[in-house]
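Notes to accompany the following structure.
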Amino acid sequence: MNRELVVESALRIVDTSGLEALTVRKVADEFGVTPMALYWHFSNKEALLDAVGDAVVAGMGLPDPDLGLEGYLRDAMTALVDAMREHPHATPLVPHRLLMVEAGRDLTEMTLRKLVDEGFAIDKAAAVAHYALMMSMTLVVGEPGKETTVKPADRDEALAAKMSLLQSLPEDSYPLLRAAAPSMVNCADSDDYYGSAIDIFVAGVMAEARALPTS
């Protein structure tokens with residue numbers, strides 16, 4: 001048992017059962033040791049959660065730094081989304097840990113550089129970078145049919161209840177909600193869901209960039 005194996009075990013528990021299921025005791029049980037044995041590596045559960053978040057961020061790829069703003073921002077958000085899609089239940093840990101890991105710092109620094117070079121003031125660039133992070137996280141935790149707010153064991157029942165609710169709405173008052181029910185309950189094409197959302201966000205940023213005053 002070493003630190004890396006402990007983090008891998010903790011991440012498996014989170015992937016399978018959600019963040020709330022992760023305890024020091026549960027990880028210790030996987031190694032057949034007492035919880036005290038894990039305190040050689042992590043002082044408490046919060047430190048273990050930080051390490052899990054760091055592992056998710058560290059697994060993120062970095063875009064080509066030679067890309068322009070549009071391409072870089074799209075690839076940066078895709079990299080964030082892809083890393084979180086691998087471990088959706090660990091996604092809430094990412095914002096707090098992004099700047100604690102070299103890959104996250106490098107991604108953020110280059111995103112800010114691209115925005116500033118395009119003419120954004122640094123405070124506006126920081127806001128756009130934050131929007132991109134929060135939108136990426138929201139997309140993952142809220143993907144229809146895979147919402148991380150629902151425990152994996154309860155998902156089928158929750159989805160059936162949501163579908164039943166939408167389909168029970170009066171058709172004369174809510175025809176579009178009823179028609180959209182399948183798409184709102186389950187995502188038919190996850191790649192399109194993420195790709196389209198990122199494209200819309202990037203298009204908005206580029207429209208803002210074009211509206212900036214030129215010196």
Side-chain angles (χ1 to χ4, degrees), residues 19 50 53-149 166 174 176-177 179-215:
L19 270 177
D50 286 347
D54 290 351
V56 176
V57 176
M60 179 177 60
L62 293 176
D64 181 351
D66 293 329
L67 289 169
L69 173 60
E70 183 173 6
Y72 191 89
L73 186 56
R74 180 178 289 108
D75 285 4
M77 292 183 70
T78 300
L80 272 169
V81 162
D82 286 349
M84 292 186 286
R85 285 177 71 183
E86 287 289 316
H87 308 285
H89 288 284
T91 291
L93 302 173
V94 170
H96 175 59
R97 302 308 299 175
L98 185 68
L99 299 183
M100 304 298 171
V101 179
E102 184 176 7
R105 290 193 296 270
D106 289 348
L107 185 79
T108 306
E109 175 70 19
M110 186 56 69
T111 299
L112 291 171
R113 170 55 56 195
K114 298 295 182 182
L115 289 161
V116 168
D117 286 351
E118 197 70 23
F120 286 89
I122 188 62
D123 56 342
K124 184 68 171 182
V128 172
H130 182 71
Y131 302 154
L133 168 62
M134 299 311 293
M135 179 176 173
S136 299
M137 184 183 77
T138 301
L139 287 172
V140 174
V141 300
E143 180 182 350
K146 299 179 182 178
E147 296 90 343
T148 61
T149 53
L166 291 172
Y174 303 104
L176 297 181
L177 268 176
S183 297
M184 297 179 76
V185 172
N186 271 302
C187 186
D189 186 337
S190 292
D191 290 338
D192 181 69
Y193 163 80
Y194 290 106
S196 295
I198 291 171
D199 284 346
I200 290 169
F201 179 84
V202 172
V205 174
M206 296 311 297
E208 182 79 4
R210 289 190 292 271
L212 291 171
T214 56
S215 55

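Quick note: residue numbers are just sequence positions, from 1. A quick note: this is a predicted structure, and the numbers were derived from the prediction, not measured.
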As an exercise, state the distance from [atom1] of [X] to [atom2] of [Y], rounded to the nearest 0.5 Å.
X: Leu115; Y: Tyr72; atom1: CG; atom2: OH; value: 10.5 Å
X: Leu133; Y: Thr111; atom1: CG; atom2: OG1; value: 10.0 Å
X: Leu212; Y: Lys124; atom1: CG; atom2: NZ; value: 8.5 Å
X: Thr108; Y: Leu98; atom1: OG1; atom2: CG; value: 4.0 Å
X: Asp64; Y: Asp75; atom1: CG; atom2: CG; value: 8.0 Å
X: Leu67; Y: Met110; atom1: CG; atom2: CE; value: 10.0 Å

Side chains of [X] and [Y] in contact at under 4.5 Å (non-hydrogen atoms):
X: Met137; Y: Pro95; value: yes
X: Leu107; Y: Pro63; value: yes
X: Arg85; Y: Ser190; value: yes
X: Val57; Y: Met60; value: yes
X: Val140; Y: Tyr194; value: yes
X: Met184; Y: Leu177; value: yes
X: Thr91; Y: Thr148; value: no
X: Phe120; Y: Leu69; value: yes

Please check if atom CD in Glu147 has more than 12 non-hydrogen atoms from other residues, nucleotides or ligands closer than 6.0 Å. yes

Is it the case that more than 12 heavy atoms not belonging to Arg105 sit under 6.0 Å from its CZ atom? yes

For the pair Tyr193 (side chain) and Leu139 (backbone), establish whether a donor and an acceptor sit closer than 3.5 Å, ignoring hydrogens and angles. yes

Please report the shortest heavy-atom distance between [X] and [Y], naming the atom on each side.
X: Gly104; Y: Leu99; result: O-CD2, 4.3 Å
X: Asn186; Y: Gly145; result: OD1-CA, 3.6 Å
X: Met100; Y: His96; result: CG-O, 3.9 Å
X: Pro88; Y: Pro92; result: O-CD, 4.1 Å
X: Gly61; Y: Ala79; result: O-CB, 3.2 Å

Quickly, which of Asp54, Val56, Asp50, Leu19 forms a side chain to side chain contact (heavy atoms under 4.5 Å, CB included) with Leu93? Name it, please. Leu19

Answer yes when Glu118 and Lys114 have at least one side-chain N-carboxylate O distance shorter than 4.0 Å, and no when they do not. no

